[in-house]
**Q** 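My structure is below; once you've seen it, I'll send some questions.
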Amino acid sequence: MDLRQLRYFIVVCEMRSLSRAGEVLGVSQPSLSRQIQLLEAELRHHLLVRTGRGVEPTEAGLRFLEHAKTLDAMAQHARQDMRAFRAAAQDKVRLGMPHRVARRMAPDIVQSFRRLHPDAALTLAEGLSSEMNEWLVKGRVDLALLYDPPSSSLLRFESIYREDLVLAYGKACRPVPPPRVRARDLGRYPLVLPSAPNTIRALVDRTCRELNVTLDVVAEVDVVHTILETMAKEGMFTIIPRSALSDMAGQDFLAFSSIVEPVIMNNLTLATPSSGPLPPLAEATAQIIRGLEMKRFFE
């Protein structure tokens with residue numbers, strides 16, 4: 001067996017799906033299946049069993065999973081130690097951020113970083129939260145800010161800021177929704193929402209599923225500006241973080257209703273690898289983020 005096979009097996013067990021694990025790892029499903037088969041052949045045990053929803057570890061698979069996690073953590077710690085050794089010479093740290101968060105927070109983070117570490121370099125990478133999650137697992141960034149990441153034994157998550165989602169619409173909309181809309185009534189409004197696996201969509205879908213509410217999604221659009229322009233001109237609605245309304249130029253034509261019973265809130269988290277302590281420069285960057293007054297970036 002090799003370390004790559006161990007990592008493949010761990011991610012498959014977490015995703016409970018070969019196809020989703022392949023997407024996270026950037027490996028085709030046939031290649032992933034082949035590596036798992038080689039691992040099973042070497043260990044002389046079936047490690048996974050197919051179910052109606054994907055795959056589950058067998059009893060032997062669960063037993064081997066603990067060994068795999070231990071070995072993977074040791075390998076990750078060795079990689080991090082060597083990256084820290086290299087970073088000590090290069091004085092460089094890589095931070096991943098969603099686009100909307102980067103636009104708000106990057107200037108302050110860079111300014112503080114330059115003041116505290118004038119001889120070091122900070123590299124900012126922007127993308128979707130799902131992309132940042134994968135980049136952390138693959139070691140392409142040292143730490144990242146993510147919205148509502150799925151639980152993972154490979155990463156640590158620390159909540160940084162929570163913000164409520166609102167029902168947004170154009171001021172010309174008639175009839176005007178009440179100032180407070182119950183979550184159970186969201187099915188009454190024609191919605192423009194981002195497509196899965198967007199974190200906002202996942203939050204809204206999960207809440208409505210728990211309330212047995214069927215949403216009327218008339219269009220799926222993944223760019224916030226396009227969503228706002230589309231729903232404002234066509235008399236439709238969307239569900240977005242309250243602060244996203246200020247991202248739209250001339251947003252005075254937009255209005256919103258608070259969503260209640262329950263309030264739906266997103267969760268911005270600071271994510272780091274779980275295999276060991278952060279390199280000193282990455283930990284210093286995390287401390288800069290923790291020290292920011294988050295509320296002022298999202299009001």
Side-chain angles (χ1 to χ4, degrees), residues 1-51 53-87 93-96 129-159 197 199 202 267 269-280 282-283 286:
M1 73 185 72
D2 59 35
L3 293 174
R4 179 185 57 176
Q5 291 174 333
L6 296 180
R7 171 53 67 97
Y8 286 1
F9 177 65
I10 293 170
V11 175
V12 169
C13 288
E14 287 206 345
M15 297 292 104
R16 295 296 197 268
S17 165
L18 286 166
S19 60
R20 288 200 299 272
E23 292 173 2
V24 169
L25 294 164
V27 179
S28 69
Q29 185 172 336
S31 297
L32 187 57
S33 298
R34 175 61 177 162
Q35 292 301 318
I36 298 297
Q37 289 169 1
L38 290 173
L39 190 58
E40 290 179 322
E42 182 174 352
L43 295 173
R44 298 182 181 179
H45 281 287
H46 289 296
L47 302 178
L48 298 171
V49 61
R50 292 189 179 276
T51 68
R53 298 200 220 168
V55 294
E56 294 283 346
T58 62
E59 184 178 354
L62 288 172
R63 187 182 184 92
F64 180 69
L65 181 60
E66 295 306 311
H67 297 297
K69 286 181 177 179
T70 300
L71 294 171
D72 182 70
M74 292 174 62
Q76 291 296 317
H77 180 70
R79 293 190 188 100
Q80 282 193 355
D81 183 65
M82 296 311 296
R83 281 202 298 267
F85 180 75
R86 183 180 72 244
V93 63
R94 303 161 299 174
L95 169 64
S129 288
S130 57
E131 293 175 321
M132 297 296 105
N133 198 317
E134 292 180 21
W135 289 3
L136 264 175
V137 171
K138 295 176 182 178
R140 292 178 58 183
V141 295
D142 301 301
L143 66 167
L145 289 168
L146 309 173
Y147 275 114
D148 299 283
S151 61
S152 171
S153 63
L154 304 175
L155 300 174
R156 285 189 296 258
F157 303 112
E158 175 183 344
S159 181
T199 53
N267 186 20
T269 65
L270 175 63
T272 56
S274 62
S275 52
L278 286 175
E283 178 57 36

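Just so you know, residue 1 is the first one in the sequence shown, and it goes up from there.
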**Q** Which pair of heavy atoms, one from Glu14 and one from Ser152, lies closest together, and at what distance?
**A** OE1-OG, 3.1 Å
**Q** A side-chain contact here means heavy atoms from C-beta on lying under 4.5 Å apart; do His77 and Pro277 qualify?
**A** yes
**Q** Rounded to the nearest 0.5 Å, what separation is found between the CZ atom of Arg140 and the CE atom of Met132?
**A** 8.0 Å
**Q** If you take all heavy atoms of Ser274 and Leu155, which pair is closest and at what distance?
**A** OG-N, 3.5 Å
**Q** Determine whether Asp2 and Gln5 satisfy the following criterion, side chain to side chain contact (heavy atoms under 4.5 Å, CB included), listing intermediate values before the conclusion.
**A** CA-CA 5 Å; Asp2 59 35; Gln5 291 174 333; 3.2 Å; yes
**Q** How close do Ile36 and Leu48 get, heavy atom to heavy atom, and via which atoms?
**A** CG2-CD1, 3.8 Å
**Q** Could you grab the distance from atom NZ of Lys138 to atom CG of Leu25, nearest 0.5 Å is fine?
**A** 7.0 Å
**Q** Can you tell me if Glu158 has over 12 outside heavy atoms packed within less than 6.0 Å of its CD?
**A** yes
**Q** Would Leu65 and Ile10 satisfy side chain to side chain contact (heavy atoms under 4.5 Å, CB included), going step by step from the backbone distance to the final call?
**A** CA-CA 7 Å; Leu65 181 60; Ile10 293 170; 4.1 Å; yes
**Q** Is there a side-chain contact between Ser33 and Gln29, using heavy atoms and a 4.5 Å cut-off?
**A** yes
**Q** A quick test of your reading: do over 12 heavy atoms of other residues, nucleotides or ligands sit less than 6.0 Å from NE2 of His67?
**A** yes
**Q** Contact between Ser153 and Lys69 at the side-chain level, heavy atoms closer than 4.5 Å - yes or no?
**A** yes
**Q** Leu39 versus Tyr8: any side-chain heavy-atom pair under 4.5 Å?
**A** no
**Q** Please give me the minimum heavy-atom distance between Leu143 and Ala282, naming the atom from each residue.
**A** CD1-O, 3.8 Å
**Q** So do the side chains of Val93 and Pro279 get within less than 4.5 Å of each other, counting heavy atoms only?
**A** no
**Q** Roughly how far, to the nearest 0.5 Å, is the OG atom of Ser129 from the CD atom of Glu134?
**A** 11.5 Å
**Q** I'd like to know whether Val11 forms a side chain to side chain contact (heavy atoms under 4.5 Å, CB included) with Leu154, so could you lay out the CA-CA distance, the side-chain angles of the two residues, the decisive distance to 0.1 Å, and finally the verdict.
**A** CA-CA 9 Å; Val11 175; Leu154 304 175; 4.1 Å; yes
**Q** Heavy atoms only: give me the nearest Pro273-Arg156 pair and the separation to one decimal.
**A** O-NH2, 3.0 Å
**Q** Do Cys13 and Leu62 pass the side chain to side chain contact (heavy atoms under 4.5 Å, CB included) test, and can you show the C-alpha distance, the side-chain angles, and the key distance before you say yes or no?
**A** CA-CA 9 Å; Cys13 288; Leu62 288 172; over 6 Å; no
**Q** Any heavy-atom pair between the side chains of Arg7 and Val137 that's under 4.5 Å?
**A** yes
**Q** List the residues meeting side-chain contact (heavy atoms from CB on, under 4.5 Å) with Thr269, not counting sequence neighbours, and say none if there are none.
**A** Leu146, Pro149, Phe157, Asn267
**Q** Which pair of heavy atoms, one from Leu278 and one from Glu283, lies closest together, and at what distance?
**A** CD1-OE1, 3.5 Å
**Q** A side-chain contact here means heavy atoms from C-beta on lying under 4.5 Å apart; do Pro57 and Leu47 qualify?
**A** no
**Q** Kindly indicate whether the side chain of Leu18, heavy atoms from C-beta on, has any atom under 4.5 Å from the side chain of Val12.
**A** yes
